[in-house]
Amino acid sequence: MPDGGRTTEGRKGHIPPEQRRSAPIPEQRQAPQQAPPQDQVAGARRAGLLVTLVLGGLTALPPLSMDMYLPALPEVTRSLNSPAATVQITLTACLAGMALGQIVVGPMSDKWGRRRPLLLGMIVYVLATAICALAPTTELLIGFRLLQGLAGAAGIVIARAVVRDLYDGVEMARFFSTLMLISGVAPVIAPVIGGQVLRLTDWRGIFAVLTVVGVILTLVVWKWLHETLPPERRHSGGTVAALRTMRGLIADRIFTGYMLAGGLAFAALFAYVAASPFVVQEIYGASPQTFSLLFGVNSIGLITVGQINGKVLVGRVSMDRVLGFGLMVITVAALALLLMTSGVFGSVGLFPVAAALFVLMSAMGLAMPNTNASALMRTPHAAGSASALIGTSSFLIGAIASPLVGIAGEDTAVPMAVVQLVCAVGSLGCFLGFVRPWQHQQPRERPAAGA
C-alpha cells in the first residue's frame with residue numbers, strides 16, 4: 001500500500017519475504033517480524049544525521065576509553081607505585097569487560113528494548129569512569145576499568161541492534177559504512193587527545209574528560225534516541241531463553257560464517273594495532289611522528305574504502321562479492337608482508353612494508369561493514385543477541401591474537417605478519433566454508449518508488 005509516497009518495498013530497505021535467503025534459525029521461536037511503529041521510523045529518518053552521530057558516538061566511546069589512556073601508562077606506573085606489567089592489566093580488564101558485557105547487554109536489549117539497557121549502561125559507565133579518576137590503588141583501578149568496559153559495551157552492541165531495527169539489506173550496509181567513518185576516527189585521535197590532556201593535568205584528568213563525555217552522551221541518548229524495538233518484537237524469558245536464542249544463532253551455519261569471518265578479520269586489525277608501534281619505530285627506525293603519520297594514513301584508507309563501499313558498491317554489487325574480494329585482498333597483503341619481513345625479497349625498507357599495511361587496512365573497509373550487515377540481515381528477531389555474539393567474538397579473537405605478535409622477541413616483524421596471514425586465511429576460509437556464497441543469490445534492494 002502507498003505510504004508517504006513510498007512503496008512497501010522501498011521502506012527500510014525492505015526485501016520481499018519470497019526473495020529473502022534467510023532460513024529460520026534452528027530451535028528459535030520466531031517473533032512476528034513487524035516493523036517498528038511507522039511514526040518512530042519516520043522520526044528516526046527525519047533525524048537521520050543526529051541518529052548517525054549518536055550511534056557513532058556510542059560506537060566510538062569504547063575505543064576512546066582504551067586509547068586515550070595509552071599515553072598515560074608510564075605516569076600511572078609512577079603515580080601508583082606499581083610494576084608496568086600490573087598497570088598493563090588495566091588495559092586487559094577494560095578489553096575483557098567490553099567483550100563480556102556485550103553477551104549480557106545484547107539479550108537484555110531484546111527483552112526490554114534498546115533504551116533502558118543503554119541508559120543503564122551509560123550511567124554505570126559514567127560512575128565507573130569517575131571512580132577510575134579517583135582510584136588510589138592499581139587494584140581498584142583494574143576493578144573499575146573492568147566495570148567501565150562492561151558498561152561501555154552497551155553502546156557497541158545496542159548501536160548495531162538499533163541499526164538492525166531501522167534498516168535492512170543495502171541500507172543497513174550503507175549505514176554501517178557511515179558508522180565506520182565516525183568510529184574509525186576514534187582510535188586515531190584518542191592518543192593525541194590523551195597526550196594533550198596530559199600537558200594540562202595528570203592521568204586522572206583523562207578519566208575526568210571521559211566522564212564528561214559519558215555524561216554528555218547519556219543526556220543525548222536520553223533526549224534524542226527513541227526506542228526502536230516495539231513490545232511485540234521483544235523476547236520474554238530469562239537466562240535460559242537467552243542462551244537458547246544464542247544457541248539457535250550459532251547453529252545457523254551462514255550467520256556463524258559471517259560472524260567468524262568478521263571476527264578473524266578484526267583480529268588481523270588488532271594484530272596491526274598491537275604490533276605496528278614496535279615494528280615501525282624499533283625495527284624500521286621511524287620516529288614517533290612518522291609512525292603517527294603512517295597510522296593516520298592507514299586509518300584514512302580504511303575509512304575511505306568504507307565510504308566507497310557504502311556509497312558506491314552497496315546496491316550495485318552483491319555484498320558477498322564485495323566481502324569476498326575484500327578478504328582476498330587482506331590475505332594477499334598479509335602474505336606480502338610475511339614474504340617481506342621474513343627476508344624472501346632481501347632487506348626491504350619501511351616503504352614497502354608500510355604500503356602492504358596500507359592495503360591490508362584499507363581492505364578492512366570492505367570486510368567489516370559487510371560481515372556485520374550480512375550477519376544481522378539473518379536475525380531480525382534477535383538483533384541484540386546477534387550483535388552481542390558478533391562483538392564478543394571479535395573482541396575475544398582479537399584479544400587472543402594480539403599478544404602473539406611479540407612472541408618471537410623484539411628483533412623481527414615476522415610474528416605480526418604470521419598472525420595477520422593466519423587470521424586472513426581463516427576469515428576467508430570461514431566465509432567460503434560456512435557461507436558458501438555460490439549456493440545462493442544474495443538479494444539486491446529494489447529502489448524505492450519516487451526516490
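FYI, side chains are in, hydrogens and waters are out, and symmetry mates aren't considered; it's all heavy atoms of this structure.
- At least one donor-acceptor pair closer than 3.5 Å links the side chain of T218 to the backbone N or O of G214.
- Scanning both residues, R174 and V314, for their nearest heavy atoms gives NH2-O, 3.1 Å.
- Within the 3.5 Å criterion, the main-chain N or O of A334 finds no donor-acceptor partner in the side chain of Q420.
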Please lay out, stage by stage, how T256 and M259 fare under the test side chain to side chain contact (heavy atoms under 4.5 Å, CB included). CA-CA 5 Å; T256 300; M259 179 183 72; 4.3 Å; yes

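- Interatomic distance, M328 CE to I330 CD1, rounded to the nearest 0.5 Å: 11.0 Å.
- Here the closest heavy-atom approach between residue G121 and residue A154 is recorded as CA-CB, 4.2 Å.
- Residues satisfying the ring pair (Phe, Tyr, Trp, His ring centres under 6.0 Å) criterion with Y69, sequence neighbours excluded, are F207.
- Pairing each heavy atom of S79 with each of W203, the nearest pair is OG-NE1, 3.2 Å.
- Put simply, the side chain of S362 never gets that close to the backbone of V359: no donor and acceptor are under 3.5 Å apart.
- Checking Q102 against T392 by side-chain atom types alone, no donor-acceptor pair falls below 3.5 Å.
- Taken to the nearest 0.5 Å, the CE atom of M98 stands 11.0 Å off from the CG atom of L146.
- Contact of the R145 side chain with the M66 side chain is registered, since non-hydrogen atoms from C-beta on lie closer than 4.5 Å.
- Closest approach of A373 to M319, counting heavy atoms only: CB-SD, 4.2 Å.
- When V126, T129, L210 are each tested for a side-chain contact (heavy atoms from CB on, under 4.5 Å) with V215, only one passes: V126.
- Not one N or O on the side chain of R114 forms a donor-acceptor pair closer than 3.5 Å with the backbone of L229.
- You'll find the side chain of D165 reaches within 4.5 Å of the side chain of R233, heavy atoms only.
- Within the 4.5 Å cutoff, no side-chain heavy atoms of F144 are placed close to those of L134.
- A donor-acceptor contact shorter than 3.5 Å links the side chain of D110 to the backbone of S385.
- Nearest heavy atom pair, residue F431 against residue P437, reads CZ-CG, 3.7 Å.
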>> Could you go through L313 and L366, starting from their C-alpha distance and side-chain angles, then the distance that decides it, and tell me whether this counts as side chain to side chain contact (heavy atoms under 4.5 Å, CB included)?
In response: CA-CA 9 Å; L313 299 178; L366 300 177; 3.9 Å; yes

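- Here CD of E227 is found 13.0 Å from CH2 of W112. Values are rounded to the nearest 0.5 Å.
- In terms of modelled atom types and a separation under 3.5 Å, the side chain of T90 and the main chain of V87 share a donor-acceptor contact.
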What verdict does the side chain to side chain contact (heavy atoms under 4.5 Å, CB included) test give for V76 and L141, after you've listed the backbone C-alpha separation in whole Å, the side-chain angles of each residue and the deciding distance to 0.1 Å?
CA-CA 10 Å; V76 175; L141 181 60; 4.1 Å; yes

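- A distance of 10.5 Å separates SG in C94 from CG in L147, rounded to the nearest 0.5 Å.
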Full working for side chain to side chain contact (heavy atoms under 4.5 Å, CB included) between L58 and I156: CA-CA 6 Å; L58 292 172; I156 303 175; over 6 Å; no

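- Proximity of V104 to M108: side-chain heavy atoms (C-beta onward) are separated by under 4.5 Å at one or more points.
- A 4.5 Å side-chain heavy-atom check between M122 and L61 finds at least one atom pair inside the cut-off.
- At least one donor-acceptor pair closer than 3.5 Å links the side chain of T379 to the backbone N or O of L376.
- Remark: L264 CG to S427 OG distance equals 5.5 Å, nearest 0.5 Å.
- Taking 4.5 Å as the limit, some side-chain heavy atom of R115 sits within range of a side-chain heavy atom of W222.
- In this model, a donor atom of one side chain and an acceptor atom of the other lie less than 3.5 Å apart for Y125 and S65.
- In this structure, the side chain of R164 does not engage the main chain of R160 through any donor-acceptor pair within 3.5 Å.
- Interatomic distance, CG of L404 versus CZ of F270, reported as 13.0 Å (0.5 Å rounding).
- Between the side chain of R253 and the backbone N or O of F434, at least one donor-acceptor pair lies under 3.5 Å.
- By the 4.5 Å heavy-atom criterion applied to side chains, T86 and T77 are not counted as neighbours.
- Using a distance-only test at 3.5 Å, with no hydrogens or angles considered, no donor-acceptor pair links the side chain of R378 to the main chain of I254.
- A side-chain N or O of Y258 and one of D320 form a donor-acceptor pair less than 3.5 Å apart.
- When all heavy atoms of P369 and N309 are compared, the pair lying nearest together is CB-ND2, 4.0 Å.
- By the 4.5 Å heavy-atom criterion applied to side chains, S109 and V157 are not counted as neighbours.
- Under the ring pair (Phe, Tyr, Trp, His ring centres under 6.0 Å) criterion, F395 pairs with F266, sequence neighbours left out.
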